[in-house]
Each structure stands twice: as structure tokens, then as C-alpha cells.
Amino acid sequence: MKKTHRPYCKDIAVWTLILLVIFSSLGWIHKKGLRESVDTAARVIAGEGMLKLVQDTLDPPLVALTFDDGPSKKYTAELLDGLKKRNVKASFFLLGKSLEGNEALVKRMHREGHLIGNHTFHHVQLDRIPEKQAKEEILRTNNRIYEITGEYPVFMRPPYGAWNKEMELQVEMIPVFWNIDTLDWKTQNVDSIIRIVRENVKNGSILLMHDEYAATVEAALKIVDELTEEGCRFVTVDRLILP
Ligand SMILES: [Zn+2]
């Protein structure tokens, strides 16, 4: 008979339960705390490799999907459908100039629990324009988002990652950068996007993508499916940058 494939996290959950039962009967849990007891059990019985797997089950690696340059009339709804189906929350950094006509999409993002951030009004490089204009780019976008969702954005993704600390104090926004650039805008290739993510992903990864391409939507949902199967959990980006 063919052996059926089971994701390792399910096996680990069963193992964890067995180990918990053994050690709780010894009174370890009461004495040493749940987490330490499980760690010790794993180390004693199955070695360091097992310990790593148990840790992954208790503290799954957290990953944030972030999408810039939207909302897009063409692709954002499909992405939201896929995320909803998978019960995954993402972070969207919106352009002020793209909000008009897309209010329903933005309301939906907000209603479905995604984080909505600011990506300036006209996609400007903030350190290349006069300070007054830079501030205006940010505040105008915040106001438009507030008019639609009833909530002011707290986070912003500066276009090209260009940011200066003084601006941060003036507009009271928290900048959000990234640690994996999928280059989706450049390749628009599903396999390439997935490969870049898979080669670099770890706990705390913030993936940079753009909900403006069919390839991005397809790749993002495949990434969610594959990494969830392997035990990762997807969170909004605030979870990874706030203490
Ligand atoms: Zn951008």
C-alpha cells in the first residue's frame, strides 16, 4: 500500500501531546512550566532535531505578506478572495491617487482584517522632494484612507525604501521596510517569485509584493498554501515590527 503523505507538523502535534502526557504525570509541568517541560522531553527522548520541530509547533515561524502600489481594480479583489478563503491577513500599502473609484475594495480590506498602510499619494521618493511636499503626500493619503475606513493608518511603506527619521517625527508614522524582495514587478513570473521566497524565508520574514500583477496573486496564494502546510503562520506586518 502506498504511504500517504502527512505534513510533519501534524505528526509533531501528536508527539507533543504524548510527551506532555508523560511529563505531566511526572509532575514536571507544574514544577518547570509547560514550555520548558516539552523542550526537555523532546531533547531527552529524541535529541536536538526533535526539539527544533517541537519549538516550531509551539512557536510557528511568522511571515508577513505585504502588497504595495494598490489598490488595483484588476487584481486586488481576486487576491482578497484567496486570502479570505485561507483565512490569512496581509498588509496593503495604498497609493492615495488610486483610492478614488476603489473605495469598496478598501472598505473590504479593512472589514476583512487586513492592515492598511500608506504608500504616499503619487508614489514619490520622499527624500527627493521638499519636506513640505513630502509631508503633504503622506497626510493627504492618510486623510483619504480615513474617509473610507474611519481609521487613520499608523504604518507607512516609503516608496523605494527612502525615509528619514525627521519625517517620522513630523508625521507620526511608523515606516515598514522588508527583508525579502520578491521582484514580482520585474519578473512577473510565478515560479521566480516563489523560488525567491522559499530560498530566503524564515521567522520574521516580510515579503515585498505588488497586487498589480496576475503572477503576484497566483504566487502569493501558492506561497500561503505551501508555507502554511510546512507550519508557518501569516500575520499582519505590525506583529513583526512592534515589540
Ligand atoms: Zn511602490
Side-chain angles (χ1 to χ4, degrees), residues 63-80 82-83 89-103 105-106 108-110 114-131 133-146 148-149 152-165 167-168 170-171 173-190 192-194 196-197 200 205-221 223 234 236-238 240-241:
V63 178
L65 293 167
T66 70
F67 298 96
D68 289 6
D69 296 3
S72 152
K73 239 186 202 26
K74 213 165 165 193
Y75 299 110
T76 307
E78 190 188 339
L79 178 60
L80 290 174
L83 294 173
K89 313 294 177 212
S91 305
F92 291 87
F93 294 94
L94 306 181
L95 288 173
K97 69 171 182 182
S98 304
L99 295 171
E100 204 179 324
N102 286 320
E103 289 85 351
L105 266 179
V106 178
R108 178 181 170 192
M109 261 175 207
H110 185 252
H114 302 291
L115 183 146
I116 296 179
N118 181 326
H119 195 48
T120 75
F121 205 91
H122 297 103
H123 206 274
V124 287
Q125 186 166 337
L126 291 164
D127 61 353
R128 286 203 177 165
I129 56 176
E131 203 178 277
Q133 195 187 336
K135 212 171 145 182
E136 172 84 16
E137 281 280 336
I138 297 168
L139 298 181
R140 198 173 158 200
T141 305
N142 275 354
N143 288 337
R144 284 295 295 124
I145 292 174
Y146 174 78
I148 298 169
T149 65
Y152 280 104
V154 175
F155 298 92
M156 91 160 285
R157 159 94 25 92
Y160 317 103
W163 186 246
N164 71 53
K165 278 270 165 198
M167 182 62 65
E168 194 169 320
Q170 282 195 39
V171 294
M173 302 282 297
I174 302 170
V176 176
F177 302 96
W178 57 89
N179 42 37
I180 298 182
D181 185 349
T182 65
L183 300 174
D184 60 335
W185 59 276
K186 200 169 170 185
T187 65
Q188 294 182 43
N189 179 291
V190 176
S192 163
I193 297 167
I194 294 175
I196 290 173
V197 172
N200 297 287
S205 286
I206 299 174
L207 316 184
L208 172 61
M209 304 178 116
H210 303 79
D211 49 328
E212 288 192 296
Y213 310 102
T216 300
V217 175
E218 190 183 335
L221 298 176
I223 287 164
F234 287 86
T236 49
V237 76
D238 51 328
L240 300 184
I241 58 175

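Scope of the values below: all heavy atoms of this structure, side chains included, with no hydrogens, waters or symmetry mates. Read the numbers this way: they start at 1 and go in the same order the structure lists the ligands and their atoms.
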Exercise for the section: Of all N, O or S atoms in H119, identify the one at the shortest distance from the Zn ion (ligand 1). Expected result: NE2

Handout entry: Under-4.0 Å salt bridge between E137 and K97
Key = no

Problem - D69 atom OD1 and H123 atom NE2 as seen from the Zn ion (ligand 1), angle to 10 degrees - result: 100°

Exercise for the section: With L126 as reference, evaluate V171, N164, I138 under the side-chain contact (heavy atoms from CB on, under 4.5 Å) test and give the passing residue. Expected result: I138

Practice task
Quick one: do T76 and F67 satisfy side-chain contact (heavy atoms from CB on, under 4.5 Å)? Show the steps, please.
Solution key: CA-CA 10 Å; T76 307; F67 298 96; over 6 Å; no

Practice task
Might you work through the side-chain contact (heavy atoms from CB on, under 4.5 Å) test for K73 and N102, ending with a clear yes or no?
Solution key: CA-CA 7 Å; K73 239 186 202 26; N102 286 320; 3.0 Å; yes

Exercise for the section: For the Zn ion (ligand 1), decide whether H210 has an N, O or S atom at a distance under 2.8 Å. Expected result: no

